[in-house]
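Along the sequence shown, residues carry numbers from 1. Just so it is clear, the structure is predicted and the values come from calculations on it, not from any experiment.
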Amino acid sequence: MKNFTSRPYTGTADLQSMIALISARPAERATDFLSIVDLHQWLARPLVAANTQLWLDADDKLRGFVMFYAIYDETWFMAFEATITDSQRMLENAMLHWAVAHVQQASREQNKSLILRVNCRADYHARSACLQTHSFVQKPLYAVHMERSLNTPIPAPTLPPGFTIRAVTGEHEAEALAALHLAAFGTPYMTTESRLTWMRAPGYKPELDLVVEAPSGRLAAFCLGGISEQDNTLTGRKDGATDPIGVDPAYQRRGLARAL
């Protein structure tokens with residue numbers, strides 16, 4: 001494309017440029033997915049890094065990127081970012097064209113039909129329109145963001161007898177945590193490797209990585225919390241987050257998620 005070149009992601013220097021690009025978003029989209037925390041987590045995975053493409057201008061400055069942050073069987077999950085300029089739409093179109101062709105090539109190589117998915121805010125109409133021109137179809141899937149003030153008291157958690165809440169004690173629990181995630185959601189998206197990337201990401205706070213332990217010692221539920229200083233610097237807020245939260249089906253409907 002005129003005035004832009006593209007190349008694969010190569011490492012730490014590129015990561016810093018991607019962080020700078022995200023940091024330049026408009027205030028209302030400062031913490032959209034992918035966030036800075038997400039970038040650190042996903043690019044720590046070799047498969048994601050190998051399927052990330054950058055677009056640079058004539059001065060070799062990063063203007064956009066596409067990354068496939070999760071690849072599972074027939075489904076590829078994509079995120080992309082482009083700098084806000086007059087040529088943004090042209091750049092986005094070029095990036096989406098590359099992304100679709102990339103997955104089509106993988107489909108041919110694997111000899112199976114693949115699905116390409118991407119997230120988009122409901123009120124980001126320009127992005128939604130751009131995706132539709134590339135044959136993306138809106139699906140009835142959504143994520144709800146909720147918040148509460150921490151200035152008012154939080155009730156003490158109530159657990160069934162013998163159950164306890166504790167923090168994760170170290171990386172040796174990653175395999176059990178991945179298995180718990182799989183049991184709670186019934187999806188293959190969390191592996192031991194994936195859980196380790198979360199635990200090794202900058203800003204990870206072990207004291208906010210919580211589990212409920214059953215009387216038998218089995219992990220029954222989990223809730224991963226965090227406070228992103230980088231996101232708070234961008235927004236000027238003092239926010240924390242709890243995501244995801246899940247309960248093993250064998251222990252559901254006992255108030256464990258509410259207690260966490």
## Note on the structure
The ring pair (Phe, Tyr, Trp, His ring centres under 6.0 Å) partners of W198 (sequence neighbours excluded) come to none
### Query
Got a sec, which pairs hit side chain to side chain donor-acceptor pair (under 3.5 Å) with one end in residues 216-227, sequence neighbours left out?
R218-D248
### Query
With D123, which residues qualify under side-chain hydrogen bond (donor to acceptor under 3.5 Å, both in side chains), at least two apart?
R121
### Query
What residues, two or more places apart in sequence or in another chain, satisfy side-chain hydrogen bond (donor to acceptor under 3.5 Å, both in side chains) together with R45?
S194, T197
#### Entry: Under the side-chain hydrogen bond (donor to acceptor under 3.5 Å, both in side chains) test, residues paired with E171 that sit two or more places apart
R200
### Query
For the side chain of T235 and the backbone of D231, is there at least one donor-acceptor N/O pair under 3.5 Å apart?
yes
#### Entry: Over 12 non-hydrogen atoms of neighbours within 6.0 angstrom of CD in E175
no
#### Entry: Pair E173 + R195: basic N to acidic O under 4.0 Å
no
### Query
Is any side-chain heavy atom of L114 closer than 4.5 Å to a side-chain heavy atom of T75?
no
## Note on the structure
Note: C120 and Y124 closest approach over all heavy atoms is SG-O, 3.8 Å
### Task
Check P153 against P155 and note the closest heavy-atom contact, atom names and distance.
O-CD, 3.9 Å
### Task
Could you tell me whether E81 and R63 make a salt bridge, using a distance below 4.0 angstrom between a side-chain N and a carboxylate O?
no
### Message
Checking one residue: I115. Which other hydrophobic residues are in its cluster under the side-chain 4.5 Å linking rule?
### Response
none
### Message
Other residues, nucleotides and ligands only: do more than 12 of their heavy atoms fall within 6.0 Å of CZ on R253?
### Response
no
### Query
What is the minimum heavy-atom distance between R25 and L34, and which atoms define it?
NH2-O, 2.8 Å
### Message
Ring centres under 6.0 Å, that's the criterion: do F4 and W55 meet it?
### Response
no
### Task
Please confirm whether the backbone N or O of L47 pairs with a side-chain atom of N51, one donor and one acceptor, at under 3.5 Å?
yes
### Task
Count the heavy atoms belonging to other residues, nucleotides or ligands that lie under 6.0 Å from NZ of K238, then report whether that count exceeds 12.
no
#### Entry: Connected hydrophobic set around V247, excluding itself, where side chains approach under 4.5 Å
L159, F163, I165, L210, V212, I245, Y251, L256, L260
### Query
How would you list, by chain and number, every residue that makes a salt bridge (charged side-chain N to carboxylate O under 4.0 Å, His left out) with E109, sequence neighbours excluded?
none
### Message
In the structure I gave you, are the side-chain heavy atoms of F68 and L116 within less than 4.5 Å of one another anywhere?
### Response
yes
### Query
Residues in side-chain hydrogen bond (donor to acceptor under 3.5 Å, both in side chains) with H172, at least two apart?
T169
### Message
Please determine whether residues M199 and W42 belong to a single hydrophobic cluster, defined as Ile, Leu, Val, Met, Phe, Trp and Tyr linked transitively by side-chain heavy-atom distances below 4.5 Å.
### Response
no
### Query
How about F33 and F77: are their ring centres within less than 6.0 Å of each other?
no
### Message
Would you say that more than 12 heavy atoms from the other residues, nucleotides or ligands in this model lie under 6.0 Å from the CD of Q138, or not?
### Response
no
### Query
Side chains of W98 and V103: closer than 4.5 Å at any heavy-atom pair?
no
### pair Y69-D38: side-chain heavy atoms closer than 4.5 Å
no
### Summary
Tightest non-hydrogen contact, residues M190 and A178, listed as CG-CA, 3.9 Å
### Query
D32 versus I22: any side-chain heavy-atom pair under 4.5 Å?
no
### Task
Using modelled atom types only, decide if a donor and an acceptor are shared between the side chain of N232 and the backbone of E229 within a distance under 3.5 Å.
no
### Message
For a quick test of reading the model, state the closest non-hydrogen atom pair linking P249 to A183 and the distance between them.
### Response
CD-O, 3.1 Å
### Summary
Connected to V37, directly or through other members, by ILVMFWY side-chain contacts below 4.5 Å are none
### Message
Given 3.5 Å as the limit, does a donor-acceptor pair link the side chain of Y204 with the main chain of P206, or not?
### Response
no
### Query
Looking only at atom types and distance, does a side-chain atom of T52 sit under 3.5 Å from a main-chain N or O of V48, one as donor and one as acceptor?
yes
Per-pair distances, 0.1 Å, donor-acceptor, side chain in residues 12-19, under 3.5 Å, sequence neighbours excluded:
| residue | atom | partner | partner atom | Å |
| --- | --- | --- | --- | --- |
| D14 | OD1 | R7 | NH2 | 2.8 |
| D14 | OD2 | R7 | NH1 | 2.9 |
| D14 | OD2 | T10 | N | 2.8 |
| D14 | OD2 | T10 | OG1 | 2.7 |
| S17 | OG | A13 | O | 3.4 |

### Task
Assess whether atom CZ of R166 is packed by more than 12 heavy atoms of other residues, nucleotides or ligands within 6.0 Å.
yes
#### Entry: Heavy-atom side-chain contact between F80 and E92 under 4.5 Å
yes
### Message
My understanding is that only residues two or more places apart in sequence, or in another chain, count here; which of them pass salt bridge (charged side-chain N to carboxylate O under 4.0 Å, His left out) with K61?
### Response
none
### Query
Heavy atoms, side chains only, cut-off 4.5 Å: are S23 and I36 in contact?
yes
### Task
Please examine the side chains of H102 and Q105, heavy atoms only from C-beta on, and report whether any two atoms are closer than 4.5 Å.
no
